[in-house]
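The structure appears below as structure tokens.
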Amino acid sequence: MIVDFIPVCRPLLPAADSIAAYIVQIDGCRHYTNRGPLVGALEQRLAQAMALPDGAVRSASSGTSAIEIAILANAGIARPDRPIALMPSFTFAASAVAVERCGYQPCFVDVDPAHWTLDPDTILHHPLLARAGLILAVGPYGRLPDMRALEALQARAGVPVVVDAAAAFEQVLDHPAQISATVPITISFHATKTFSTGEGGAVLWRNDEGQDRVVQAANFGFLNSREARQAGVNAKLSEYHAAVGLAMLDGFATRRTDYARVSGLYRDLARDRDLGGTLHLPPDISSAYVLLETDTALGMQHAKQALHGQMIETRRWYEAGVHVQTHFAARAANLLPVNPLPVTKDLCQRLLGLPMAPDMTAGAIARTLDVLATAHQSVAQPAAAQARR
Ligand SMILES: *Cc1c(COP(=O)(O)O)cnc(C)c1O
């Protein structure tokens, strides 16, 4: 029997005809990048959608560059007396890449098992805090960390905090009070995220001077001249990417309904099936993901193999954590004591990304869950039979 392949992620961005009118505007004014009118309009409409003052949303050319410019604006590049960044390993590699590009040596800290994020108290008592010039918190899978606790951490530790909440677009839209005046949040507009410009990102910060430094950092460190006055990079979103973003915003209410339908189906169809674990779904996490948290690490291996055998793709979005990836593992071993990260290891062994797309069909969802239920039954029942003997 030939079965259809189900991809783990199938992005759907605005069609050409819905972008066309914006592209015509670009043709008309010949302003292609360097904060043109479409970038201005996108930032303004995003700020309005989050009930933020103008200027509290600043765009970037990617989620990764948004992290970089937020670091440069809030902490600056690493200084010799404070070369370390305390950050989780439970994240996508981009978080550590951005930290390193700003000159910091990542020091990976374990996460809290309930929230999957850094525990501010652990950071406050970390033995390397006095050598840290940056704390990079992460909102994994779109789960926003407790921003008030991070504001307090920044104030008490005297170390700048930046939050990589790359996948948390819906969460900040629904909880704009979480957007801080002191701690910047960064978002990704990558095609795999819920709101996309193809490539792109943004810094959310209710801080006019801070956002001026974000804009300056995104443009080579220039401010009202062509002289680099602070550390910078080219992180500017082009007008073409902004056009995609504006078209995406035009259709975003429909997109949210589509996502709610798919996650609702997952929730309903999972109810009467024993999957050997629990599903994590929006609004707790981003609509870009459906995560199966298996009861055991072995359960995840079985689930993965069974799905792949039926042409259903899965992904461990954060792999085994950043700290074991060859580049970071080698750098960390040379410079810092290696910390055991038991919670990170456990989560990475038990969290499996299942297929998700705004137009995923009920049939594809049922097929995915049926394969999981059957796989769980085949390993659970022999074990139960053995226990009865
Ligand atoms: C997607 C993602 C990024 C990177 O965003 P890009 O837009 O791809 O550069 C960074 N951190 C996390 C946690 C992400 O999920």
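Counting starts at 1 for both ligands and their atoms, in listed order. For reference, positions follow the sequence shown, starting with 1.
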Inset, instruction - Can you label the angle between the Tyr32 ring and the Tyr240 ring as parallel, tilted or perpendicular, going by 30° and 60°? - result: parallel
Legend entry - Gly139 touching ligand 1 at heavy-atom level, < 4.0 angstrom: no
Inset, instruction - Using the rule that two of Ile, Leu, Val, Met, Phe, Trp, Tyr join whenever any of their side-chain heavy atoms come within less than 4.5 Å, decide whether Ile26 and Met248 are in one cluster. - result: yes
Inset, instruction - Heavy-atom contacts with His190 under 4.0 Å: which atoms of ligand 1 show up? List them by number with element. - result: 7 (O), 8 (O)
Inset, instruction - Could you tell me which atoms of ligand 1, counted from 1 in the order shown, lie closer than 4.0 angstrom to a heavy atom of Ala94? - result: 3 (C), 4 (C), 10 (C)
Legend entry - Atom indices of ligand 1, in the order listed, that fall short of 4.0 Å to a heavy atom of Thr91: 13 (C)
Inset, instruction - Check whether Tyr259 and Leu292 end up in the same hydrophobic cluster, where Ile, Leu, Val, Met, Phe, Trp and Tyr are linked by side-chain heavy atoms less than 4.5 Å apart. - result: yes
Inset, instruction - Could you tell me which atoms of ligand 1, counted from 1 in the order shown, lie closer than 4.0 angstrom to a heavy atom of Gly200? - result: 7 (O)
Inset, instruction - Test side chain to side chain donor-acceptor pair (under 3.5 Å) on His241 and Thr197 and set out the steps. - result: CA-CA 5 Å; His241 293 87; Thr197 55; over 6 Å; no
Show me the donor-acceptor pairs, under 3.5 Å and distance only, between side chains in residues 214-226 and residues at least two apart or in other chains.
unit_1, atom_1, unit_2, atom_2, d
Gln216, NE2, Gly221, O, 3.0
Asn219, OD1, Lys236, NZ, 3.2
Ser225, OG, Glu227, N, 3.0

Inset, instruction - Look at atom 2 (C) of ligand 1 and say which protein heavy atom is nearest, naming residue and atom and giving the distance to 0.1 Å. - result: Lys193 NZ, 2.8 Å
Legend entry - atom 9 (O) of ligand 1 [closest protein heavy-atom partner, distance rounded to 0.1 Å]: Thr64 OG1, 2.5 Å
Inset, instruction - Could you list the atoms of ligand 1 found under 4.0 angstrom from a heavy atom of Ser62? - result: 7 (O), 9 (O)
Legend entry - Polar proximity ligand 1 side, Gly63 side, N/O cut 3.5 Å exclusive: yes
Legend entry - Ring centres under 6.0 angstrom apart (Tyr141, Tyr318): yes
Legend entry - Cation-pi geometry met for Arg143 and Trp116 (6.0 Å, 45°): yes
Inset, instruction - Determine the interplanar angle of the Phe195 and Phe169 rings, folded into 0 to 90°, and report it as parallel if under 30°, tilted if 30 to 60°, perpendicular if over 60°. - result: parallel
Inset, instruction - With heavy atoms only and a cut-off of under 4.0 Å, state how Ala166 meets ligand 1: side chain, backbone, both or neither. - result: side chain
Legend entry - Closest protein heavy atom to atom 5 (O) of ligand 1, given as residue, atom name and distance to 0.1 Å: Ser188 OG, 3.3 Å
Legend entry - atom 11 (N) of ligand 1: the protein heavy-atom neighbour that sits closest, reported with distance to 0.1 Å: Asp164 OD2, 2.8 Å
